[in-house]
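First up is the structure itself, then whatever we jot down about it.
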2 protein chains.
Amino acid sequence: MGTVTIKEVAQRAGVSPGTVSNALNRPELVAPATRERVEEAIRELGFVRHGSASTLRAGHSRTIGLSVMDIGNPFFTDVAAGVEETASALGYAVILGNSAGSLEKEERNLHVLAEQRVRGVLITPSDDDPARFDRLRERGISVVLVDHPAHRPDQCSVTVNGEGGGQMATSHLLERGSRRICHLTGPLTIRQCRERATGARRAVLAAGLDPADVLEVVAMPAMTARAGQVAAERMLAAGRLPEAVFCANDLLALGLLRGLLLAGVRVPGDVALIGYDDIDFTAASAVSLSSIRQPAHRLGQIATELLLDECDNPDTHAHRQIMFQPELVVRESTGSPR
Amino acid sequence: MGTVTIKEVAQRAGVSPGTVSNALNRPELVAPATRERVEEAIRELGFVRHGSASTLRAGHSRTIGLSVMDIGNPFFTDVAAGVEETASALGYAVILGNSAGSLEKEERNLHVLAEQRVRGVLITPSDDDPARFDRLRERGISVVLVDHPAHRPDQCSVTVNGEGGGQMATSHLLERGSRRICHLTGPLTIRQCRERATGARRAVLAAGLDPADVLEVVAMPAMTARAGQVAAERMLAAGRLPEAVFCANDLLALGLLRGLLLAGVRVPGDVALIGYDDIDFTAASAVSLSSIRQPAHRLGQIATELLLDECDNPDTHAHRQIMFQPELVVRESTGSPR
DNA sequence: CCATTCCATTAAAACGTGTTAGCGGAATTT
DNA sequence: AAATTCCGCTAACACGTTTTAATGGAATGG
């Protein structure tokens with residue numbers, strides 16, 4: 001009961017199991033008439049191919065793994081949506097893992113993915129160790145890094161220029177006239193945070209100014225709205241507000257914005273504010289938020305295409321490190337002070 | 001090369017393949033000394049169990065499927081996070097599908113999940129047809145409905161009381177003194193929208209008022225911030241603003257809020273506003289948004305526990321239809337007019 | 001000391017599919 | 001008409017694991 005196998009389909013269609021398999025996987029090998037009979041038998045019996053048996057015999061599966069750092073962050077949600085859309089269109093299933101920033105959890109996820117013999121893995125790694133994925137690749141599991149540059153030429157990666165984005169945001173604040181800028185960011189162990197900070201510094205230098213005078217970097221332990229609000233409270237307690245804040249993340253920016261507004265600080269009048277990621281909600285916030293837009297959805301699409309190309313055409317595949325350019329979106333929070 | 005099998009591990013440890021399998025799955029059957037040898041061999045060779053072979057032989061996998069309606073909606077993201085967390089803790093992998101509201105896509109997802117022989121499926125179905133999942137259950141794939149009530153006692157479901165939530169929101173507006181209320185919602189083909197609308201109506205009746213006088217229902221084709229802003233523009237064009245708006249969704253509410261504020265309408269002074277879902281961003285919006293909180297993360301957790309219990313203890317398992325109660329969260333957007 | 005029980009281990013048979021080599025017959029060429 | 005090529009199909013094995021029945025040896029009881 002329950003499971004109907006390829007054998008029963010064969011019997012019903014009056015052919016051998018091998019022919020049914022061919023009709024499914026290499027239809028051009030089987031005569032139109034028999035193919036029709038097989039398809040009818042499949043429909044009548046409600047046959048569904050046993051993916052595990054198929055994987056076992058064929059040596060590869062129709063699934064890919066996706067390991068992200070924070071499924072709660074809309075940026076990663078957008079990436080995930082792009083991945084799911086592309087993979088699904090090509091008949092691949094996506095196994096989702098949320099590392100939540102924990103290296104241990106990430107390792108556990110990768111182990112599960114290895115057990116499932118996924119065709120490949122898309123991952124936003126929590127650390128910088130490039131050797132960590134070698135074990136996977138030795139097993140024939142391709143790896144594409146998402147939002148993290150590959151260190152070596154034999155690996156694909158898809159990123160957005162973080163230094164460029166940081167520079168863009170900071171230049172915008174400088175052009176606006178701000179000369180005391182705070183860069184509110186997350187743990188500097190996170191590469192994206194480091195990049196954006198570097199970009200900020202570079203923008204100050206490019207303007208012929210001394211970072212020591214102009215730029216103060218404040219790193220919070222988390223990149224959440226909650227952390228942003230805490231940062232606001234600290235700034236207010238310290239007494240001396242910066243003229244502008246560049247947040248490494250829209251969530252931080254939204255929290256900071258809320259904290260400042262609650263205390264009666266005017267934005268952008270007293271403090272200008274720019275975030276990063278341009279998530280959907282920035283436009284709807286108290287003061288609409290200027291931000292650096294990243295093509296998250298597209299990132300997911302391209303990463304998936306790269307991965308599946310690497311899987312399906314291992315010999316012709318050329319490893320690529322693709323870097324998208326972010327885009328400055330100016331809204332009210334850095335508008336001219338009224 | 002690459003794949004190291006149970007056989008090689010057995011050879012290295014000087015035992016038979018069967019013993020290695022036992023050491024992995026039923027350690028109590030093998031003597032401590034040999035178990036130690038086996039574990040060492042596994043470590044040395046970097047052996048990873050072939051999940052497909054295991055599934056094929058054992059007849060069931062360690063994966064569950066999750067099919068949601070809109071991965072971009074923070075409510076579902078929270079659910080997904082709860083699911084991933086719980087499943088992962090129990091050693092299960094989660095295959096993610098995004099139906100994007102399309103029935104056809106949902107069917108395709110379910111087919112993929114059936115092929116993968118997932119242990120069970122968590123689904124937020126796009127329609128009301130209860131028979132649609134029978135085919136899955138015949139194949140031994142358990143189904144738990146998420147955010148959708150089960151019609152039959154032999155099926156688990158986890159929901160949040162939508163009528164109650166709708167009533168709660170509307171009563172709150174009525175108590176506040178509003179007598180011309182607009183209910184802004186999405187397609188009424190969506191069950192959640194219907195429920196909330198019913199709740200709104202019931203609240204009006206419970207207050208001894210006539211819905212025809214008090215309540216106007218406006219259904220948008222989508223439940224996005226964009227749609228909310230369009231709704232605001234229409235209201236303004238129509239000239240006559242309601243005293244209060246109950247939105248079936250925070251995204252709609254945020255969009256509406258933005259549209260109203262841009263036109264100089266005061267919230268809650270001219271129009272009071274309440275949303276639904278209480279997503280993270282409501283607190284950070286222009287005017288912080290009153291909303292109906294749903295325990296999304298918990299929903300995901302419980303649904304997963306129910307599903308895995310049904311899988312692991314099919315005889316003792318009691319099907320349950322769990323309904324959570326939502327919670328009113330009052331913020332500025334329904335505060336007393338200044 | 002023999003019979004019994006118990007324990008740790010093994011050999012071998014599945015699970016459902018993909019694939020390879022080969023077979024018979026029809027179509028084509030000599 | 002015989003020889004060759006081609007086409008559509010089949011038989012049978014392999015993939016890596018789990019599981020059942022069987023095995024041998026140690027421990028226990030009479």
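Both backbone and side-chain heavy atoms feed into the values below; hydrogens, waters and symmetry mates do not. So that the names make sense, note that chain A is the first sequence line, chain B the second, and so on, each numbered from 1.
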Picking from D:dT18, D:dG16, D:dG8, which would you name as closest to the side chain of B:Ala53? D:dG16
Minimum-distance nucleotide (side-chain atoms of B:Ser21 versus C:dA8, D:dT10, D:dT18): D:dT18
Can you tell me if B:Asn25 uses its side chain to pair, donor with acceptor, with the backbone of B:Ser21 under 3.5 Å? yes
Less than 4.0 angstrom between a side-chain N/O of B:Ser54 and OP1 or OP2 of D:dT17, yes or no? no
Walk me through it: do A:Arg191 and A:Asp127 pass the test salt bridge (charged side-chain N to carboxylate O under 4.0 Å, His left out)? CA-CA 8 Å; A:Arg191 142 159 242 112; A:Asp127 74 349; over 6 Å; no
A:Leu56 atom CG is separated from C:dA14 atom C1', nearest whole Å, by 13 Å
By nearest atom, which of the nucleotides D:dT18, C:dA8, C:dG16 is closest to the B:Ala31 side chain? C:dA8
Report the distance from atom CD of A:Gln11 to atom C1' of C:dG16, rounded to the nearest whole Å. 15 Å
In whole angstrom, what separates A:Arg35's CZ from D:dC7's P? 15 Å
Roughly, in whole Å, what's the span from CZ in A:Arg26 to C1' in D:dT10? 14 Å
What do the steps show when you test A:Glu107 against A:Arg132 for salt bridge (charged side-chain N to carboxylate O under 4.0 Å, His left out), and what is the final call? CA-CA 9 Å; A:Glu107 285 291 337; A:Arg132 208 146 58 79; 2.9 Å; yes
Taken to the nearest whole Å, CG/A:Asn22 to C1'/D:dG8 is 10 Å
Please classify the nucleic acid contact of B:Ser52 as base, sugar-phosphate, or nothing, using heavy-atom distances under 4.0 Å. nothing
Before accepting this row, confirm whether a basic side-chain N of the pair A:Glu85/B:Lys105 lies closer than 4.0 Å to the acidic partner's carboxylate O. no
Quick check: any donor-acceptor pair below 3.5 Å linking the side-chain of A:Arg57 to the base of C:dT17? no
Distance in angstrom units between B:Ile6 CD1 and C:dA11 P, rounded: 14 Å
If you look at every strand shown and take non-hydrogen atoms under 4.0 Å, does B:Val15 touch a base, only sugar-phosphate, or nothing? sugar-phosphate
To the nearest Å, give me how far apart CZ (B:Arg49) and P (D:dG16) are. 15 Å
Can you classify the ring geometry of A:His319 versus A:His317 as parallel (below 30°), tilted (30 to 60°) or perpendicular (above 60°)? perpendicular
To the nearest Å, how far apart are B:Glu36 CD and C:dT9 P? 13 Å
Between B:Thr5 and D:dC15, is there a contact of a side-chain N or O with OP1 or OP2 at under 4.0 Å? no
Is there a side-chain contact between B:Thr19 and the phosphate of C:dT10, meaning an N or O under 4.0 Å from OP1 or OP2? yes
